[in-house]
Amino acid sequence: MIDIAQLRREPDVVKAALARRGVDGAVLDSIIALDVAHRQRLQEAEKLRADVKELSRQVGEARRTKDNETAEALTAQSRELGGAERAASEASDELAATLRGELLMIPNLPSEDTPDGADESDNVEVRRWWVGMDDGAPFPTYGEHQRMPHWEVAKELNILDLEAGVKLAGSMFPLYRGDGSRLLRALGAFALDQHRDAYEEIRPPSFALTETMMSTGHLPKSQDDMYAIERDDLWAIPTAEVPLTSMHRNEILDASVLPIRMTAQTPCFRREAGSAGRDTRGLLRVHEFDKVELFAYCLPEQAPAAHADILARAEGLLQKLGLTYRVLDLCAGDLGTSSARTVDLEVFSPGVDRWLEVSSVSWFRDFQARRANVRYRTESGTQFVHTVNGSALAWARIWAAVVETFRLEDGSVTIPDVLVPYLGGQTHLVAPTS
RNA sequence: GGAGAGGUGGGUGAGUACGGUUUAAACCACAUUCCUGCUAAGAAUGCGACCUGCGAAAGUGGGUCCGAGGGUUCGAAUCCCUCCCUCUCCGCCA
């Protein structure tokens, strides 16, 4: 949530920043007007409330001194004021609710570093990485054997059963089998181990309360992209960011414990409501996938380093896996609702001949912390923490990139060295001999 | 799922039978200062969060918060209703 006090204090700055991501200034003007009206009503209600309290105190006093006549008179007077107080409070509460509803729909202010731009075509490519780059190797040219889409590779090796997934849960719910399932498991275990030096491993619930989903900004704005379990008033999490951000909800932390860094692998559920018919083949876009997330609560001044650390770790995993990738600085228009700055990592997958987003590393400033009410103590009071997070990594697309990139001419697939221990020493995926 | 007991500030914990000097006692912890003096002890003071008014600021006025949300009342930690959570026992279960 943006800071209403800042909007009050410097409306032009906020408007200019949000204009970069397409927010109409008129919306902000109406919020400012609501805010003024709300505080006016609040003042009226509080004044009346104070009067009622004072009268009630006097009633008590009169009763004690057995002055029933005075007590009756004061009670009548207070009752009358009470009616006015109730009306004023209701008006104030209603305005407050409207105001909050409006504020929850306003996205975060882009950071100064975030490039200008309207949509994903304006994202800025920062760099590319590929195996051998440092030794002067040119950008990879991929052989014909690597140009087979992963769903075909998987069919040959019998490691993915998309038809079975459809039978069980409908389209875009993949089912991995045999070595395919083991490969997926290896990826997650490998990544979690890589982060053990600095990030506490968490295994959170895969469902979250509405309040929890609000904190990260996934609700109310992206409601249609979330799976709802209405009977129990729960939502399926779209990323571990959701539970991790709420770990310390409504808490005031000692500054000395920051940064708090956590990592978690969870299933991620996404309805992909706006993208029906797009990327329907294979693992390019699925309703459920596993992902390891890195997350940090930090002091504002720690946030840039925390962001850089998560980015470096995500890149480090890609490099250890030997996958070609590029780094994109997201432009203001393509930023997620809650983010002030986001850097995406896209892996190149030769079989489908596309760059696939496999990580999104974001700095939210205090936007999520304000919603989640996570603060730390300072000498002069409390401040909201900053939150930073990033995927490291999203495995469905990595899985696809691995089986495409490392496919050999004989049709088998080489397991990246770093994963071999996690597959019990197995070095290749080979077609079953039947 | 059933029965019972509970949920009060950072912690412990009074207050709830009977609504009003409770603006939530006391203790611990914590902070500052003083005294003392050496791996101690003592004294004084302070000690929440949020919203909001006035003020340049220091500050100061008001409101809200006793698990959550409603209700009754001139007035609710206290009475009523719904829900959540914790503990004990029973049932069921990987």
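Note that these values count all heavy atoms, side chains included, but never hydrogens, waters or copies made by symmetry. Just so we're on the same page: letters track the sequence lines, and every chain starts at 1.
- Atom-to-atom, CG of Asn373(A) to C1' of A49(B) comes out at 9 Å; the value is rounded to the nearest Å.
- To the nearest angstrom, P of A49(B) lies 15 Å from OH of Tyr376(A).
- Between Arg365(A) and Ser111(A), the side chains place no donor N or O within less than 3.5 Å of an acceptor N or O (distance only, hydrogens not considered).
- Across the interface with RNA chain B, nearest-nucleotide mapping of Ile4(A) and Ser78(A) shows Ile4(A) to be the residue nearer the 5′ end.
- Nucleotides U8(B) and C65(B) are separated by 12 Å at their C1' atoms, to the nearest Å.
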Just the atom pairs and distances: protein N or O near nucleotides 79-81 of chain B's N or O, under 3.5 Å.
none

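- Here Arg185(A) contributes atom CZ and Asp290(A) contributes atom CG; the two are 12.0 Å apart, rounded to the nearest 0.5 Å.
- Atom CD of Glu80(A) and atom P of U73(B) are 16 Å apart (whole Å).
- To the nearest angstrom, C1' of C84(B) lies 13 Å from CZ of Arg249(A).
- Summarising the geometry, the separation between CZ on Arg41(A) and P on G53(B) is reported as 16 Å, rounded to the nearest angstrom.
- Residues passing the side chain to side chain contact (heavy atoms under 4.5 Å, CB included) test with Phe384(A) are Asp366(A), Ala369(A), Arg370(A), Asn373(A), Arg375(A), sequence neighbours excluded.
- Note on ring orientation: taking the six-membered ring where Trp is involved, the planes of Trp363(A) and His386(A) are tilted (angle from 30° to 60°).
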Query raised in the report: For every nucleotide of nucleotides 54-72 of chain B, 5' to 3': is a protein heavy atom under 4.0 Å from its base (B), only from its sugar-phosphate (S), or from neither (-)?
Result: --------BSS-------S

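- To the nearest 0.5 Å, atoms CZ (Arg271(A)) and CE (Met226(A)) are separated by 10.0 Å.
- Computed from coordinates, the Arg377(A) CZ to C47(B) P distance equals 14 Å when rounded to whole Å.
- For Thr280(A), there are no side-chain hydrogen bond (donor to acceptor under 3.5 Å, both in side chains) partners two or more places apart in sequence or in a different chain.
- In this structure, CG of Asn250(A) is placed 14 Å from P of G9(B), rounded to the nearest angstrom.
- Contact of the Leu104(A) side chain with the Met214(A) side chain is registered, since non-hydrogen atoms from C-beta on lie closer than 4.5 Å.
- Atom P of G13(B) sits at a distance of 14 Å from the matching atom of G6(B), rounded to the whole Å.
- Nucleotides A24(B) and C47(B) place their C1' atoms 15 Å apart, quoted to the nearest Å.
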Report task. Verify salt bridge (Lys or Arg N to Asp or Glu O under 4.0 Å) between Arg57(A) and Glu54(A), making sure each step is shown before the conclusion. Result -> CA-CA 5 Å; Arg57(A) 198 188 60 77; Glu54(A) 174 56 23; 3.0 Å; yes

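- Each of Ile252(A) and Ala76(A) has a nearest nucleotide on RNA chain B; the 5'-most of these lies closest to Ile252(A).
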Output a table of nitrogen or oxygen pairs between the protein and nucleotides 92-94 of chain B separated by less than 3.5 Å.
none

Name the pairs: protein N/O against N/O of nucleotides 15-21 of chain B, kept only if under 3.5 Å.
unit_1, atom_1, unit_2, atom_2, d
G20(B), O2', Arg64(A), NH1, 2.7
G20(B), O6, Arg63(A), NH1, 3.0
G20(B), N2, Ser56(A), O, 2.7

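- Counting non-hydrogen atoms under 4.0 angstrom, Arg370(A) reaches nothing in the nucleic acid.
- Between the C1' atoms of C27(B) and C84(B), the separation comes to 31 Å (whole Å).
- The interatomic distance linking Gln383(A) (CD) with A49(B) (C1') rounds to 14 Å, in whole Å.
- Comparing the C1' positions of A17(B) and U78(B) gives an interatomic distance of 10 Å, to the nearest angstrom.
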Report summary line: Symbol by symbol from the 5' end, with Watson-Crick or G-U pairs under 3.5 Å, [ ] crossing and | another strand, RNA chain B is ((((((((.[[[..)....(.....]]].(((((.......))))).(((((((....))))))).[[[[[..)....]]]]])))))))....

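- When each of C74(B), A49(B), G53(B) is scored by its nearest atom to the side-chain atoms of Val52(A), the top-ranked nucleotide is C74(B).
- In this entry the base of A17(B) is syn relative to its sugar, with a glycosidic angle within 90° of 0.
- Nucleic acid contact class of Thr75(A) (heavy atoms, under 4.0 Å, all strands): base.
- Residue pairs satisfying the side chain to side chain donor-acceptor pair (under 3.5 Å) criterion with at least one member in residues 89-106 of chain A, sequence neighbours excluded, are listed as follows: Glu85(A)-Ser89(A).
- With a 4.5 Å cut-off on side-chain heavy atoms, Leu345(A) and Leu318(A) count as touching.
- Sorted by first and then second residue, the pairs that involve residues 161-171 of chain A and meet side chain to side chain donor-acceptor pair (under 3.5 Å), not counting sequence neighbours, are Asp161(A)-Arg177(A).
- Note that CZ of Phe190(A) and CG of Leu321(A) are 5.0 Å apart. Values are rounded to the nearest 0.5 Å.
- Nucleotides C89(B) and C74(B), compared at atom C1', are 46 Å apart to the nearest Å.
- Rounded to whole Å, the P atom of A29(B) lies 31 Å from the corresponding atom of U21(B).
- Separating the P atom of G62(B) from that of G67(B) is a span of 26 Å, rounded to the nearest Å.
- Legend: residues meeting side chain to side chain contact (heavy atoms under 4.5 Å, CB included) with Asp197(A), ordered by chain and number and at least two apart, are Arg313(A).
- Once rounded to the nearest 0.5 Å, the distance linking OG1 of Thr245(A) with CZ of Phe364(A) reads 7.0 Å.
- A salt bridge is defined here as a Lys NZ or Arg NE, NH1 or NH2 lying under 4.0 Å from an Asp or Glu carboxylate O, and Arg63(A) with Glu72(A) meets this definition.
- With rounding to the nearest 0.5 Å, the separation of CD1 in Ile260(A) from OH in Tyr297(A) is 7.0 Å.
- Residue pairs that meet the salt bridge (Lys or Arg N to Asp or Glu O under 4.0 Å) test with at least one member in residues 18-28 of chain A, sequence neighbours left out, are Arg20(A)-Asp116(A).
- Scored by the side-chain hydrogen bond (donor to acceptor under 3.5 Å, both in side chains) test, Asp35(A) finds Arg8(A), Arg39(A) as partners (sequence neighbours excluded).
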